Amino acid sequence: MLTFDNQFRRELPGDTETSNTTRQVNGAVWSPVMPTPVAAPRLIAYSQEMANELGLSTAMMQSTDVVNALGGNGVFPGSEPYATVYGGHQFGHWAGQLGDGRAIYLGEVVNAAGTRHELQLKGAGPTPYSRRADGRAVLRSSIREFLCSEAMFHLGIPTTRALSLVATGDKVVRDMFYDGNPEREPGAIVCRVAPSFTRFGHFEIHAARNDTGLLKQLVEFTIARDFPELDLPADPIDRVGAWFGVIAERTAVMVAHWMRVGFVHGVMNTDNMSILGLTIDYGPYGWIDNFDPGWTPNTTDAERKRYCYGRQPEIARWNLERLGSALLTLTADESTEANRLVDLLQAGMAKFDEIFDLATRQKLAGKFGFAHWREEDTPLVNDAFRLLVEAEMDMTIFFRRLAGVGIDPEANRVLLADAFYRQDLREIHQGALDLWLGRYLARTKEDDFAQPDRAALMNRFNPQYVMRNYLAQQAIDLATAGDNSMVIELLDVMRRPYEMQVGRERFAEKRPDWARQKAGCSMLSCSS
């Protein structure tokens, strides 16, 4: 059925303690742990694309044995479940040991093409890293993660994937608003898939513990298994420095994609940063509705706004610096090797700046329909984003409709009317928008770009459909009542986010007024 080759567990040191008790785990990178069985696993939905990649047919996905294994009530032949230890900086502060508190690896699957994927069950029960938690996940957060993982993939954004969404038949107690009123909610498990789930925090924890030997072993393993395509220097210092530069580049590209589509991760702790530059851990994420660089979907971050949309590039850079600091412990303080590694790590940070700047310019050129980015485009672009903020306009709708503007001012007003959230602000700012559109159309003429070609370019950069919070919440409300139809339909809509889909216009509408402050539709907590 699935071919497992559990290299991570085989080649890296594991926990000598086998009891599933919460504790500090030292001298190891993983602990053996089995999923905790649930009452009645039931398949709600699965990704056909991901199943195909793994070699699982429709019949297999719907079979009792597979559903049981994806729900924690069985084990695939060859699977050797475990959880890993990592640390992290959370909201800017070192948090110590964290680890997979509710994620249990099933192992590493190698498909028919020889491609390796790690499979992970999120919400499958406690592990040694669960601290005071139960290791479970609720249906609402599981639906959000399942749908968003696949939506991001189809948007062309580097991401972890989701294979399946399984209801457990159990209830999970959660205090959604952290207000002292916990409730029993339906539980669920998502099977997450990625080439590797290794995070910045996997390296930080061993550096913090001064376990240089284990840190070095993990670095060498990660380079060999997860970056086989790289031709890195043989010298250990040069090798680590060059590898760090690749991580910095991939992180820059990922965040530039986030900014392009208006995605806000919501909790960019270092333990939520992928070593492969993949979007990982879909918790209190959100999409920008009315454009606001200071918006964060995370209620925990509402005051400081550390992880708001506009700060994501800065935070990614800060997180890379923390990873660099961890890698620097591979050398002795003030040694020649340390000085050389510092220079290489700084070069990696410069590479992040360079690649993020390049990727941003390319993506802005695509969003606005310019054949090439020019420095003199900066004022025009900045004025557009300023207008989006002041006029409270929808980012996704504005850019999608911008591809259709022409020389008729009244037609342009009609075309862009739906992008406004407030009629009073539309009346105030319509004149400024008209003037901006005049400047914009004059700029597009300088490219000698035919209108159909410009529109086609823009529609490759500006999605018609994104996984807005209010859509996900509607699917959650229905599924909680036993109706999974909207989960299935949203999954299908998001397979073709850049295409107009007849009959599915409602999935491209801006956030309705009723959802502006509704729980789950505007801001969310980390509770799941």
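In this chain, residues are counted from 1 in sequence order. Values in this document were obtained by computation on a predicted structure and should not be read as measured data.
Pairs passing the salt bridge (Lys or Arg N to Asp or Glu O under 4.0 Å) check and including a residue from residues 247-272, sequence neighbours excluded, read E229-R250. Annotation: salt bridge (Lys or Arg N to Asp or Glu O under 4.0 Å) contacts involving residues 292-309, sequence neighbours excluded, are absent. Screening residues 237-248 for salt bridge (Lys or Arg N to Asp or Glu O under 4.0 Å), with sequence neighbours left out, gives E220-R239, D238-R340. The salt bridge (Lys or Arg N to Asp or Glu O under 4.0 Å) contacts involving residues 156-166 comprise E150-R161, where partners must be two or more places apart or lie in separate chains.
Contact check on R192 versus E145 returns a salt bridge, with a Lys/Arg side-chain nitrogen under 4.0 Å from an Asp/Glu carboxylate oxygen. A salt bridge links E354 to K351: one of the charged nitrogens lies within less than 4.0 Å of a carboxylate oxygen.
Partners of R460 under the salt bridge (charged side-chain N to carboxylate O under 4.0 Å, His left out) rule, at least two apart in sequence or in another chain, do not exist in this structure. For the salt bridge (charged side-chain N to carboxylate O under 4.0 Å, His left out) test, residues two or more places apart in sequence or in another chain that qualify with D447 are R443. Residues passing the ring pair (Phe, Tyr, Trp, His ring centres under 6.0 Å) test with H206: none are found, sequence neighbours excluded. Remark: W295 engages no residue in a ring pair (Phe, Tyr, Trp, His ring centres under 6.0 Å) (not counting sequence neighbours). Considering only residues two or more places apart in sequence or on other chains, R132 meets the salt bridge (charged side-chain N to carboxylate O under 4.0 Å, His left out) condition with none of them. In this view, E118 and R225 satisfy the salt bridge (charged side-chain N to carboxylate O under 4.0 Å, His left out) rule, not counting sequence neighbours.
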Give every donor-acceptor pair under 3.5 Å between a side-chain atom in residues 368-376 and any protein atom, sequence neighbours left out.
from, atom 1, to, atom 2, distance (Å)
R374, NH1, E446, OE1, 2.9
R374, NH2, E446, OE1, 2.6
E375, OE2, R361, NH1, 2.3
E375, OE2, R361, NH2, 3.3

May I have the list of side-chain donor-acceptor pairs in residues 322-329 shorter than 3.5 Å, sequence neighbours left out?
from, atom 1, to, atom 2, distance (Å)
R322, NH1, W318, O, 3.2
S325, OG, E321, O, 3.0
T329, OG1, A326, O, 2.6

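For the pair S79 (side chain) and L106 (backbone), a donor-acceptor distance under 3.5 Å is present. A donor-acceptor pair under 3.5 Å is formed between the side chain of N20 and the backbone N or O of P126. At least one donor-acceptor pair closer than 3.5 Å links the side chain of E108 to the backbone N or O of F8. Between the side chain of N272 and the backbone N or O of M268 there is no donor-acceptor pair closer than 3.5 Å. In terms of modelled atom types and a separation under 3.5 Å, the side chain of D453 and the main chain of F449 share no donor-acceptor contact. With hydrogens and angles ignored, the 3.5 Å screen pairs a side-chain donor or acceptor of T270 with a backbone N or O of H89. Judged by distance alone, with hydrogens and angles left aside, the side-chain atoms of R144 form a donor-acceptor pair with the main-chain N or O of G283 at under 3.5 Å. Checking side-chain atoms of N298 against main-chain N and O of G266 turns up a donor-acceptor pair under 3.5 Å. For Y498 (side chain) and L155 (main-chain N/O), a donor-acceptor pair under 3.5 Å exists by modelled atom type. In this structure a side-chain-to-backbone donor-acceptor pair under 3.5 Å is present from S130 to T127.
A distance of 10.5 Å separates CG in L276 from CZ in F197, rounded to the nearest 0.5 Å. Between the OG1 atom in T159 and the NE2 atom in H257 there is a gap of 11.5 Å [rounded to 0.5 Å]. Between atom CG of residue L402 and atom CG of residue N459 there is a gap of 10.0 Å, rounded to the nearest 0.5 Å. A distance of 10.5 Å separates CZ in R400 from NZ in K367, rounded to the nearest 0.5 Å. One finds the CZ atom of R496 at 11.5 Å from the CD atom of Q464 (value rounded to the nearest 0.5 Å). With values rounded to the nearest 0.5 angstrom, D289 atom CG is found 7.5 Å from T396 atom OG1.
When each of Y86, F244, W243 is tested with F203 by the rule ring-ring contact (aromatic ring centres under 6.0 Å, His included), just one qualifies, namely W243. Here the rule is ring-ring contact (aromatic ring centres under 6.0 Å, His included) with Y307, and of F263, F91, W258 only F91 fits it.
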For this session: Could you check V267 against D281 for side-chain contact (heavy atoms from CB on, under 4.5 Å), going step by step and ending with a plain yes or no?
Result: CA-CA 9 Å; V267 60; D281 278 357; 5.9 Å; no
For this session: Output, in order, the C-alpha distance, side-chain angles, deciding distance and verdict of side-chain contact (heavy atoms from CB on, under 4.5 Å) for V38 and V166.
Result: CA-CA 11 Å; V38 299; V166 173; over 6 Å; no
Problem set entry | Test side-chain contact (heavy atoms from CB on, under 4.5 Å) applied to D383 and R386, step by step | CA-CA 5 Å; D383 286 347; R386 177 182 54 79; 3.8 Å; yes
Problem set entry | Candidate pair M494 and H154, rule side-chain contact (heavy atoms from CB on, under 4.5 Å), full reasoning | CA-CA 7 Å; M494 298 303 162; H154 292 291; 5.6 Å; no
Exercise. Which is it for Q7 and R116 under the side chain to side chain donor-acceptor pair (under 3.5 Å) test, yes or no, and what are the steps along the way?
Worked result: CA-CA 10 Å; Q7 192 176 350; R116 182 179 300 270; 3.2 Å; yes
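Considering only heavy atoms from C-beta on, L98 stays 4.5 Å or farther from N269 through its side chain. Between T279 and H265 the shortest side-chain heavy-atom distance falls below 4.5 Å. Proximity of L218 to L214: side-chain heavy atoms (C-beta onward) are nowhere separated by under 4.5 Å. Using a 4.5 Å cut-off on side-chain heavy atoms (C-beta onward), Q217 and P13 make contact. Using a 4.5 Å heavy-atom cutoff, the side chains of F399 and M458 are not in contact. At least one side-chain heavy atom of V85 sits under 4.5 Å from a side-chain heavy atom of R209. Taking 4.5 Å as the limit, every side-chain heavy atom of H202 sits out of range of all side-chain heavy atoms of I275. You'll find the side chain of V264 stays beyond 4.5 Å of the side chain of C308, heavy atoms only.
Between W287 and Y285, the angle of the ring planes goes over 60°, which puts this pair in the perpendicular group of the 30/60° scheme. Ring geometry, Y309 versus F291: the interplanar angle exceeds 60°, so the pair is classed perpendicular (tilted spans 30 to 60°).
Remark: the Y282 side chain and the T160 side chain contain no N/O donor-acceptor pair separated by less than 3.5 Å. Under 3.5 Å, the side chains of Y82 and D100 contain no donor-acceptor pair of N or O atoms.
Applying the 6.0 Å contact sphere to NZ of K216 captures no more than 12 heavy atoms from other residues, nucleotides or ligands. Other residues, nucleotides and ligands place more than 12 heavy atoms under 6.0 Å from the CG atom of N382.
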